[in-house]
Peer 1: 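Quick one: the structure is below, questions incoming.
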Amino acid sequence: MRQWWRVLGVPRGSDRATIRRAYAAKLKVTNPEDDAAGFKELRAAYEEALRWVDYQQFDDWDVEDEEPVEGDRAGLTLVPVGEPLAPYGDALPAAEPLPPPEPDPLEVERAADAAEFERRFAELESGLRGPWFKDRDGIRAAFEAVMAAPALIELDLRAYAEYRIAALIADTIPRSDAILREAMATFGWEGEGNHPPAVWALRARLDEWRLIASFGRGHALARGWHALIDGKSPGWLRRLRALRPGTAGQVRQLFDLADYDVPGIAHSFHPKAADWWRAHLDAPRFGSVEVALLLLRGVVAALFAVLGATPAVRLWGAVGAGAGGLMLSLAHWRFVTPMRWRAARKGAVRSRGAGWRFGLWLILTAAAIGAPATPAIAGGLGAAFLILAITIFVLDSAEEIGGLGWQRMVMLAIAGAFIGPAFFAMSVGEQALTVLFGLSAGIVGLSARDAIARVIAPRPVLIALGIMVALIIGAIVRSNWMPGTPLIAWGAAAGTSLVLMGGLRAGDPEGRGSGVAALANMLLWAIVIIAAVMSAPEREKDGASTPAISVGSIKPLEEVEPGFRDVKTGNPKLYADVAAIHLAVASRKRNAKEGSDAINRLVDDAYRARLGSAPAQMIAAEMEIRLAQLREFSRIDLRACSGEREGKTAVLSHSLQRRHYAHALRVAASSAATPEDLAKGRVIAADRLLGVAANGDPAGADRLAAALRSTDLRAKCDARIAMLEALVALDDIDIARTMRTALAQGAKAEAEKK
């Protein structure tokens with residue numbers, strides 16, 4: 001018999017991989033049906049080679065090549081001790097012949113069973129190794145036939161067959177996956193024991209199966225796994241999916257797992273998809289960061305277009321935001337992305353998240369908490385927040401940016417429902433600051449979590465909680481000495497603290513930091529909602545605070561609201577319009593709320609249109625009602641008292657609302673004053689009113705004037721009340737002469753808005 005290394009055509013010291021490749025090459029040209037002897041010799045040589053590799057021992061055929069031992073002891077003959085040596089030349093006694101062995105009656109059957117086993121095993125092997133591959137059902141059928149072979153009844157042959165089958169299945173992964181579980185169960189390979197290397201390879205393959213099964217929906221690498229096993233999607237669709245944040249990073253992690261830790265998962269990758277993704281990751285691409293910058297550009301441009309104070313600001317702000325976002329996106333694509341790609345290729349660790357950037361963020365947050373929200377300050381802070389957020393985004397973000405979980409989306413929706421009323425009650429400057437801060441906090445929270453984690457790394461829990469408590473205390477102090485909308489200060493403190501908790505969770509996702517961050521997040525979201533509720537007025541309406549009348553009654557208007565008696569004679573057109581609406585609602589042809597609102601609008605329009613030309617007594621009564629409103633506002637809403645709500649008011653007491661509504665009906669029913677009445681009285685200048693309000697003290701008048709121009713809501717509210725008190729103390733004709741022009745201009749401005 002030839003030596004195994006000569007049969008396989010490999011060096012004698014070859015390793016397992018070289019032996020397998022040689023055997024596979026020989027097997028392709030050796031058909032067991034055409035050359036049974038050659039195939040048997042090839043199979044025996046392969047098995048002997050594997051035994052030599054595993055156990056480093058030679059079979060009996062190695063002895064055939066041993067040369068005779070030369071030397072002085074080569075011809076010695078051993079004799080029993082104590083017997084005299086035979087004389088030289090005498091012959092030794094002949095040994096008695098051994099009896100012939102008894103014939104084995106089952107030898108022929110055993111040989112036939114062994115040959116049948118070899119035939120079935122060869123069929124299974126050809127189905128797994130090729131070139132005559134079988135499908136999964138054919139492989140299972142061939143394996144069942146091998147296991148049903150009669151020769152396996154003998155224990156020694158079954159043990160030998162177990163080793164051969166394990167080696168065959170291990171060599172032909174992943175094609176042999178069709179029979180892996182059956183073989184494991186048949187031979188009990190999943191149990192503990194002294195298994196050969198091939199069995200341990202099969203146990204590792206089962207672990208790979210379990211890992212692959214876990215790559216379903218909900219797994220951290222689910223999107224990347226789907227991208228690598230999808231071989232049907234066209235290239236343009238893959239390109240779009242690659243723009244989704246995190247997908248490229250997940251694919252890269254799966255390639256690393258396949259290359260270093262779990263190579264078997266690579267068998268599940270679709271070749272076309274794997275080749276496309278390797279080519280995609282092997283060069284800097286236009287990715288999710290650039291897309292996010294383009295989306296941010298659109299959002300900021302839309303904000304300018306909607307919230308701009310003037311047409312020029314709306315136009316050029318939107319154009320500038322769009323152009324700036326496009327330039328940032330292109331700059332990141334052409335400069336920042338290639339720089340990171342080259343660093344990754346060299347294996348360099350890029351230092352990200354310098355502490356000064358987040359330190360600037362904390363300084364801006366402190367300014368937002370402590371500074372008054374004037375239009376100039378709010379605009380400057382909002383722009384600074386956005387610029388710093390984009391800077392952090394460009395410098396610290398990567399392709400691994402994650403999205404928002406459904407829990408956070410629900411929490412944002414709940415918070416938005418509470419923030420909405422408070423937001424629309426703010427001035428334009430405050431609205432801009434709130435929107436820009438919210439955008440900036442979201443950008444920083446998504447892109448700089450790892451950077452923040454490194455900043456607070458020395459004592460993460462202590463530093464994060466310390467900064468959070470300091471911000472909350474600052475918001476409390478600010479609310480005490482600077483009354484106003486709590487959402488600005490409290491929102492800035494809570495929003496920055498939420499970003500900080502994201503960094504704490506990223507730095508210690510499974511330890512104490514994650515639990516502390518979860519508890520702090522619940523507290524911070526509660527703070528945001530409470531601040532929004534405190535900032536929202538009880539009810540907001542445009543125009544005067546006129547209560548709706550009961551329009552559902554079929555009684556005449558005069559009985560429902562006595563003031564309409566004067567309207568019927570003084571303003572017949574208004575009375576007819578209101579009566580028509582009242583009748584439609586009473587007959588259920590129109591919704592009651594809509595009808596009530598429509599009547600209020602008609603009354604309010606007539607009231608404003610006639611107020612400037614109304615008799616002096618009515619204008620004086622108007623100023624007294626406004627003074628009463630300011631006094632109520634000073635207790636419940638400083639922004640309305642100081643005139644910061646821009647036509648939106650909080651809810652007044654019911655008695656004051658009824659008083660104002662009755663006055664509005666009287667004004668709407670009044671006749672215009674005669675030219676003689678319009679000429680009566682004096683116009684009182686503002687500086688004289690200030691002097692009267694300050695009781696003749698020039699310094700006090702200067703302080704009142706400064707308070708009217710300041711951003712201190714309390715001081716401004718008190719100064720306005722003092723001015724109105726001085727005004728209503730004058731004669732009615734002087735009040736009317738002083739206020740007619742301002743009232744007429746206000747009515748004209750309201751009409752132009754509508």
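Predicted model only: the values in this text are computed from it and were never measured.
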Peer 1: Output the distance between atom CD1 (Ile472) and atom CD1 (Ile369), rounded to the nearest 0.5 Å.
Peer 2: 9.5 Å
Peer 1: Kindly compute the distance separating OH (Tyr661) from CG (Leu656), expressed to the nearest 0.5 Å.
Peer 2: 15.0 Å
Peer 1: Tell me the closest heavy-atom pair linking Arg714 and Ser634, and the distance in Å.
Peer 2: NH2-O, 3.3 Å
Peer 1: So, Arg610 side chain and Ser670 main chain: donor-acceptor pair closer than 3.5 Å or not?
Peer 2: yes
Peer 1: Salt bridge or not between Arg601 and Asp604? Use side-chain N to carboxylate O under 4.0 Å.
Peer 2: no
Peer 1: If you measure from OG1 on Thr738 to CD1 on Ile735, what distance do you get to the nearest 0.5 Å?
Peer 2: 8.0 Å
Peer 1: For residues Leu364 and Phe437, determine if any side-chain heavy atom of one lies less than 4.5 Å from a side-chain heavy atom of the other.
Peer 2: no
Peer 1: With the side chain counted from C-beta on, respond yes when Gln629 and Arg659 share a heavy-atom pair under 4.5 Å apart, and no when they do not.
Peer 2: no
Peer 1: Side-chain contact test, heavy atoms from C-beta onward, threshold under 4.5 Å: evaluate it for Trp490 versus Val528 and give yes or no.
Peer 2: no
Peer 1: Which atom pair, heavy atoms only, marks the closest approach of Lys716 to Leu708?
Peer 2: CE-O, 3.4 Å
Peer 1: Where is the tightest heavy-atom contact between Ala367 and Leu381, given as atom of each residue plus distance?
Peer 2: CB-CD2, 3.7 Å
Peer 1: Keeping Asn571 on the side-chain end and Leu574 on the backbone end, is there a donor-acceptor pair under 3.5 Å?
Peer 2: yes
Peer 1: Once you round to the nearest 0.5 Å, how far does CZ of Arg703 lie from OG of Ser710?
Peer 2: 13.5 Å
Peer 1: Taking it one step at a time, do Leu500 and Thr496 satisfy side chain to side chain contact (heavy atoms under 4.5 Å, CB included)?
Peer 2: CA-CA 6 Å; Leu500 197 63; Thr496 300; 5.6 Å; no
Peer 1: Once rounded to the nearest 0.5 Å, what's the spacing between atom CG of Leu471 and atom CG of Leu362?
Peer 2: 6.5 Å
Peer 1: With sequence neighbours left out, write down each residue that passes side chain to side chain contact (heavy atoms under 4.5 Å, CB included) with Asp577, or none if nothing qualifies.
Peer 2: Lys573, Leu602
Peer 1: Closer than 3.5 angstrom, by distance alone: can the side chain of Arg720 be matched with the main-chain N or O of Cys641 as a donor-acceptor pair?
Peer 2: yes
Peer 1: Considering residues at least two apart in sequence or located in another chain, which fulfil the side chain to side chain contact (heavy atoms under 4.5 Å, CB included) criterion with Leu678?
Peer 2: Ala673, Arg740
Peer 1: Considering only distance and modelled atom types, tabulate donor-acceptor pairs under 3.5 Å from the side chains of residues 611-628, sequence neighbours left out.
Peer 2:
residue	atom	partner	partner atom	Å
Glu622	OE1	Tyr607	OH	2.8
Glu622	OE1	His663	NE2	2.9
Glu622	OE2	Tyr607	OH	2.7
Glu622	OE2	Arg626	NE	2.8
Glu622	OE2	Arg626	NH2	3.3

Peer 1: Would you say the side chain of Ile733 lies within less than 4.5 Å of the side chain of Arg682, judging by non-hydrogen atoms?
Peer 2: no
Peer 1: Walk me through whether Lys680 and Asp677 qualify under salt bridge (charged side-chain N to carboxylate O under 4.0 Å, His left out).
Peer 2: CA-CA 5 Å; Lys680 292 179 181 179; Asp677 292 337; 3.5 Å; yes
Peer 1: Measure from the side-chain N and O atoms of Ser642 to the backbone N and O of Cys717, and report whether any donor-acceptor pair falls under 3.5 Å.
Peer 2: no
Peer 1: May I ask you to test the Tyr575-Thr569 pair for a side-chain heavy-atom distance under 4.5 Å?
Peer 2: no
Peer 1: Decide yes or no on side chain to side chain contact (heavy atoms under 4.5 Å, CB included) for Leu665 and Asp566, but give the supporting numbers first.
Peer 2: CA-CA 8 Å; Leu665 289 176; Asp566 297 332; over 6 Å; no
Peer 1: How close do Ala493 and Ser497 get, counting heavy atoms only, and between which atoms?
Peer 2: O-OG, 2.8 Å
Peer 1: With the side chain counted from C-beta on, respond yes when Glu725 and Val692 share a heavy-atom pair under 4.5 Å apart, and no when they do not.
Peer 2: no
Peer 1: Looking at every non-hydrogen atom in both residues, tell me the closest pair between Ala492 and Thr365 and how far apart they are.
Peer 2: O-CG2, 3.5 Å
Peer 1: At their closest point, which heavy atom of Ala301 faces which heavy atom of Gly322, and how far apart are they?
Peer 2: CB-N, 4.3 Å
Peer 1: How long is the gap from CD1 on Ile684 to CG on Asp731, to the nearest 0.5 Å?
Peer 2: 9.0 Å
Peer 1: Determine, stepwise, if the pair Val667 / Arg608 fulfils side chain to side chain contact (heavy atoms under 4.5 Å, CB included).
Peer 2: CA-CA 8 Å; Val667 173; Arg608 290 183 179 277; over 6 Å; no
Peer 1: Assess the residue pair Leu689 and Leu730 against the criterion (side chain to side chain contact (heavy atoms under 4.5 Å, CB included)); give the C-alpha distance rounded to whole Å, side-chain angles, the decisive distance to 0.1 Å, and a yes or no.
Peer 2: CA-CA 10 Å; Leu689 278 177; Leu730 302 176; 4.1 Å; yes
